[in-house]
Amino acid sequence: AAVGLARRTSVRGLARWLPISGVVAGLGMVGFGFSRSVWLSCALMTMAGFGMFMAGATCNTILQTLVEELRSRKAKAA
């Protein structure tokens, strides 16, 4: 998820990933709840983690792009 977001050149079209990543995370968690196999559980938790990370990082990227920079990096004169 992080590599996919880092490779993007712009935030255009990024908002469509929010519902997709939410569904992926939800399906992974529901599947994990019903899983009886260790290997399937590992795969489903990986899927859930991917979806949660993608949703959080996507929201953060969109917000940081839209909000005006408030910090100042100029050194204060003594």
Side-chain angles (χ1 to χ4, degrees):
V3 173
L5 284 173
R7 292 185 63 198
R8 294 186 65 89
T9 57
S10 73
V11 295
R12 187 176 292 248
L14 194 58
R16 71 181 169 97
W17 282 100
L18 285 173
I20 293 170
S21 60
V23 167
V24 168
L27 289 175
M29 286 186 273
V30 169
F32 176 74
F34 289 109
S35 176
R36 299 283 183 218
S37 166
V38 172
W39 297 109
L40 179 60
S41 295
C42 289
L44 289 168
M45 286 305 291
T46 301
M47 185 174 136
F50 175 85
M52 286 187 284
F53 182 84
M54 187 67 161
T58 300
C59 287
N60 194 21
T61 301
I62 291 171
L63 286 173
Q64 287 181 357
T65 302
L66 296 175
V67 173
E68 177 184 343
E69 181 71 30
L70 299 176
R71 295 180 293 162
S72 174
R73 298 209 179 250
K74 297 178 184 177
K76 292 185 178 183

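In this chain, numbering begins with 1 at the start of the sequence shown.
Rounding to the nearest 0.5 Å gives a distance of 8.0 Å between CG of L14 and OG1 of T65.
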Which side-chain N or O atoms in residues 27-41 pair as donor and acceptor under 3.5 Å with protein atoms at least two apart or in another chain?
{"residue": "S35", "atom": "OG", "partner": "S37", "partner atom": "N", "Å": "3.4"}
{"residue": "S35", "atom": "OG", "partner": "S37", "partner atom": "O", "Å": "3.1"}
{"residue": "S35", "atom": "OG", "partner": "S41", "partner atom": "OG", "Å": "2.9"}
{"residue": "S37", "atom": "OG", "partner": "W39", "partner atom": "N", "Å": "3.4"}
{"residue": "S37", "atom": "OG", "partner": "L40", "partner atom": "N", "Å": "3.4"}
{"residue": "S41", "atom": "OG", "partner": "S37", "partner atom": "O", "Å": "2.8"}

With a cut-off of 3.5 Å and sequence neighbours excluded, list every side-chain donor-acceptor pair involving residues 45-52.
{"residue": "T46", "atom": "OG1", "partner": "C42", "partner atom": "O", "Å": "2.9"}

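Linking Ile, Leu, Val, Met, Phe, Trp and Tyr whenever their side-chain heavy atoms come within less than 4.5 Å leaves F53 and V11 in two separate clusters.
The side chain to side chain donor-acceptor pair (under 3.5 Å) contacts involving residues 49-60 comprise N60-Q64, where partners must be two or more places apart or lie in separate chains. Among residues at least two apart or in separate chains, there is no side chain to side chain donor-acceptor pair (under 3.5 Å) pair with a member in residues 8-20.
Scored by the side chain to side chain contact (heavy atoms under 4.5 Å, CB included) test, A55 finds S21 as partners (sequence neighbours excluded).
Here the shortest heavy-atom pairing between A57 and L5 reads CB-CD1, 3.3 Å.
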